[in-house]
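Report on the following structure.
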Amino acid sequence: MVAQSLDLVHQHSMVSTRSAEKNLESKVAVANGGDRAAAGRKSGELKGSPMPRRSSARIRALQKAEEEELLARKKAEEVEEKKKCQDEVTVVKGKKRRRKSGGEESVVAEEEAVTSPKKKPAACRKENGNEEPENGVSLAACSNGKVEENGKEESGNVGGGLGEKSDVLKVKETIRLFNKHYLQLVQEEEKRCGKAEAERKAAKNGSKKASKSKKGVLPEDSKNTAKRPDLKAISKMMQNNEILYPVKRIGDIPGIEVGYQFYSRAEMVAVGFHSHWLNGIDFMGQSYAKEYDYELPIAVAIVLSGMYEDDLDNAEEVVYTGQGGHNLTGDKRQIRDQKLERGNLALKNCSDQGLPVRVVRGHESSSSYTGKVYTYDGLYKVVHHWAEKGLSGFTVYKFRLKRLEGQPILTTNQVYFTNGRVPQSLTEIRGLVCEDITGGEEDIPIPVTNLVDDPPIPPTGFKYCKSNKVAKNVKLPLTVTGCKCKGICNDPTTCACALRNGSDFPYVSRDGGRLVEAKDIVFECGPECGCGPGCVNRTSQKGLRYRLEVFKTAKKGWAVRSWDFIPSGAPVCEYTGILGRTEDMDSVLENNYIFEIDCLQTIKGLGGRERRSQDGEVPANLLDKYDQSSESMPEFCIDAGSTGNIARFINHCCEPNLFVQCVLSTHHDLRLARVMLFAADNIPPLQELTYDYGYALDSVLDSNGKIKQMPCYCGASDCRKRLF
DNA sequence: CCAGGTCAGGTGTAT
DNA sequence: ACACCTGACCTGGGA
């Protein structure tokens with residue numbers, strides 16, 4: 001019990017004394033108990049205190065984050081929102097809330113119409129947060145986190161005032177939007193290619209085996225390969241007016257701090273940081289003559305990617321080769337003289353007029369889905385320029401750039417981006433206290449490190465279990481019949497499982513399966529399906545894919561990070577434990593590892609989460625079989641207190657990089673859906689993995705009906721300061 | 001198997 | 001009309 005309560009502490013990111021926390025916890029548990037008693041009496045009518053438990057409220061917070069984002073986007077005046085906070089609190093307590101997805105949802109106009117009456121939480125959060133005193137703390141925590149020991153939070157959000165936070169969030173949202181378009185376009189391409197394949201098969205009628213090898217069919221269809229979904233995604237964003245900063249700017253871009261890492265050139269375009277996905281030099285042409293008095297063109301941003309043979313990079317000082325005369329192929333050769341025009345002229349003008357240029361460095365890196373990372377290294381000034389004969393004997397223009405002073409220090413890490421300090425073997429791991437906490441259950445071992453405690457101790461008091469254990473009084477529904485596909489499912493028009501998902505597979509095959517966007521519910525193929533284990537529609541069933549590590553933090557107890565890059569939409573892990581009845585769980589005081597399966601409530605719009613997909617996505621007959629009582633609150637939950645997997649170590653964060661997704665595969669009972677955690681963003685190695693526990697502020701009441709509060713120390717730049 | 005080669009791809013800018 | 005050079009696939013040489 002003692003060990004367990006120690007474990008508990010980390011889960012809620014608490015910093016104060018343990019005994020205090022423990023007290024708090026028990027009170028909360030009591031509140032839960034009271035609530036449950038009410039429900040147990042014969043629920044349906046939802047009396048007693050409103051639902052304090054974790055999962056039911058989980059995504060509310062995300063919703064708030066998104067709404068805040070929306071708000072910030074539409075209006076700058078957040079301050080006046082404060083007053084409305086009270087109303088929101090009432091709304092929350094009245095338990096009728098809408099949820100926003102784990103971040104995959106776009107911030108589109110129509111969304112606003114739906115949620116606009118409830119845009120207050122943004123301000124609500126601020127007010128409740130009591131910024132002044134706590135902000136300092138969180139900043140400190142934040143920079144601590146940035147020192148990589150705790151896994152860094154987000155390269156771009158180091159310190160900063162209020163306005164800056166929302167800028168960081170804007171950037172984050174824009175990148176998420178980009179990723180969403182990207183995955184949707186990947187899906188389109190995969191579909192198209194699959195169709196082309198099928199047609200070719202049909203054309204060849206009998207000879208199936210021939211079509212299996214790509215070579216045999218290539219000459220016919222050049223469209224066999226996917227076409228730059230990244231470029232398509234930014235085109236789409238331009239059409240939709242979703243580029244964050246569509247007008248070029250001189251100097252820093254709000255929300256992009258020095259050290260910020262882009263994972264592709266297209267991401268820079270999406271943000272408006274660099275408006276070409278191809279050009280090295282982004283400059284303002286004559287069209288900017290009305291706004292600026294400078295001699296145009298002027299350069300605003302350049303990308304150093306080692307493409308030019310004559311480049312020289314000494315970190316603080318760079319010699320950049322102008323554009324032109326390049327043979328445009330992979331061998332990086334100059335084949336012509338460069339001229340003082342376009343980008344070259346723009347850099348010269350910057351030099352003459354003393355204007356700063358944003359510098360981005362491209363690096364080879366395994367920590368990116370493209371194998372490349374682009375780091376913003378700050379503002380530089382062009383101190384000198386000249387023309388000379390380059391290595392290949394042609395005239396090249398050279399620009400000596402010097403980094404402006406007063407900017408964050410360039411670390412070697414940023415200049416020569418490597419995998420951080422990811423250990424290559426067990427012997428390299430510092431503070432190792434357990435080689436594999438899974439005890440061999442998972443395909444990939446999960447080491448545990450502890451550089452905080454003295455002596456270092458591993459986590460105790462639980463048993464690792466990679467899949468759910470079903471409590472005695474819970475009966476899993478019968479296995480449903482599956483699809484008739486053979487081998488792998490690839491035709492969404494015939495695969496029964498795809499049809500349940502709204503006539504599409506929820507996943508793309510790329511990178512071993514990525515969820516295109518957060519959905520109310522994902523139907524995967526199951527044991528009765530005709531397809532094999534390699535089917536993309538079994539993405540969440542394939543076990544761990546990334547090398548995870550449990551590590552001890554100074555303030556938040558245990559935490560989890562990955563040594564590998566995790567692309568957005570990739571499955572990270574399931575949340576497992578004992579699958580039991582919510583009412584039984586509540587009798588276990590102080591158990592803080594309970595995850596309610598609130599999928600049904602979400603879909604019905606009754607719980608804390610907001611709908612993710614459009615109406616009609618979930619087959620109506622699926623919802624019919626549940627009676628009123630099961631709607632009012634989650635009937636089942638997962639208790640990872642004594643038995644669980646890696647997910648039980650993942651901390652809460654108000655600005656998380658994972659989101660929760662319910663998945664059905666063997667049966668179709670929403671109340672017993674599996675709970676999966678997916679990457680909401682592209683996650684670089686060693687960044688702590690977090691998801692939003694989703695308590696709504698002021699939704700937790702103690703036994704006297706008074707609002708309970710618990711501080712949050714996640715350290716995110718827009719932390720709500722309270723877990724509930 | 002990996003390194004190097006190949007080529008399509010979309011926008012801004014100048015002609 | 002064209003420069004811009006990335007990203008992902010393809011190919012061929014080495015292990």
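A note on names: the letters A, B, ... follow the listed sequences, proteins ahead of strands, and every chain is numbered from 1.
At least one cation-pi condition fails for A:Arg358 and A:Tyr376: the charged atom is not both under 6.0 angstrom from the six-membered ring centre and inside a 45 degree cone around its axis.
Going from atom CE of A:Met676 over to atom CZ of A:Phe659 covers 10.0 Å, rounded to the nearest 0.5 Å. Here the CZ atom belonging to A:Arg228 is positioned 8.5 Å from the CD1 atom belonging to A:Ile234, to the nearest 0.5 angstrom.
Atom CE of A:Met268 is separated from atom P of B:dT11 by 18 Å (rounded to the nearest Å). Straight-line distance from the CZ atom of A:Arg265 to the C1' atom of C:dA3: 14 Å, rounded to whole Å. In this structure, A:Phe262 places its CZ atom 16 Å from C1' of C:dT6, rounding to the nearest Å. Computed from coordinates, the A:Asn344 CG to B:dG12 C1' distance equals 16 Å when rounded to whole Å. Atom-to-atom, NZ of A:Lys372 to P of C:dC5 comes out at 11 Å; the value is rounded to the nearest Å. Distance A:Gln338 CD to C:dC4 P: 8 Å, rounded to the nearest Å. Between the CG atom of A:Asp230 and the P atom of B:dA8 there is a distance of 16 Å, given to the nearest Å. For the pair A:Glu341 CD and C:dA3 P, the interatomic distance rounds to 10 Å; values are reported in whole Å.
Listed by first then second residue, pairs satisfying salt bridge (Lys or Arg N to Asp or Glu O under 4.0 Å) with a partner in residues 279-290 of chain A read A:Lys248-A:Asp282, not counting sequence neighbours. Residues in residues 532-541 of chain A take part in no salt bridge (Lys or Arg N to Asp or Glu O under 4.0 Å) pair, two or more places apart or across chains.
Here A:Arg342 does not reach the OP1 or OP2 of B:dT13: none of its side-chain N or O atoms lies under 4.0 Å away. For C:dA8, one of the phosphate oxygens OP1 or OP2 lies less than 4.0 angstrom from a side-chain nitrogen or oxygen of A:Tyr182. Put simply, A:Ser235 has a side-chain N or O that comes within less than 4.0 Å of OP1 or OP2 on B:dT11. Between A:Tyr374 and the phosphate of C:dG7, there is a side-chain N or O to OP1/OP2 separation shorter than 4.0 Å.
Taking a pair as Watson-Crick or G-U wobble with both distances under 3.5 Å, the runs of three or more consecutive pairs in DNA chain C are B:1-8 with C:6-13, B:10-13 with C:1-4.
Nearest nucleotide to the side chain of A:Ser287, out of B:dT13, B:dA14, C:dG7: B:dT13. Nearest nucleotide to the A:Arg228 side chain, out of B:dT13, C:dT6, C:dA8: C:dT6.
Here the options are A:Phe178, A:Phe262, A:Tyr245, the test is ring-ring contact (aromatic ring centres under 6.0 Å, His included), and the partner is A:Phe273; only A:Phe262 passes.
When heavy atoms are screened at a 4.0 angstrom cut-off, A:Gly343 is found touching no nucleic acid atom at all.
Using a 30° and 60° split on the angle between ring planes, A:His274 and A:His276 fall in the perpendicular class, above 60°.
Map A:Lys248 and A:Leu278 each onto its nearest nucleotide of DNA chain B; the residue landing nearer the 5' end is A:Leu278.
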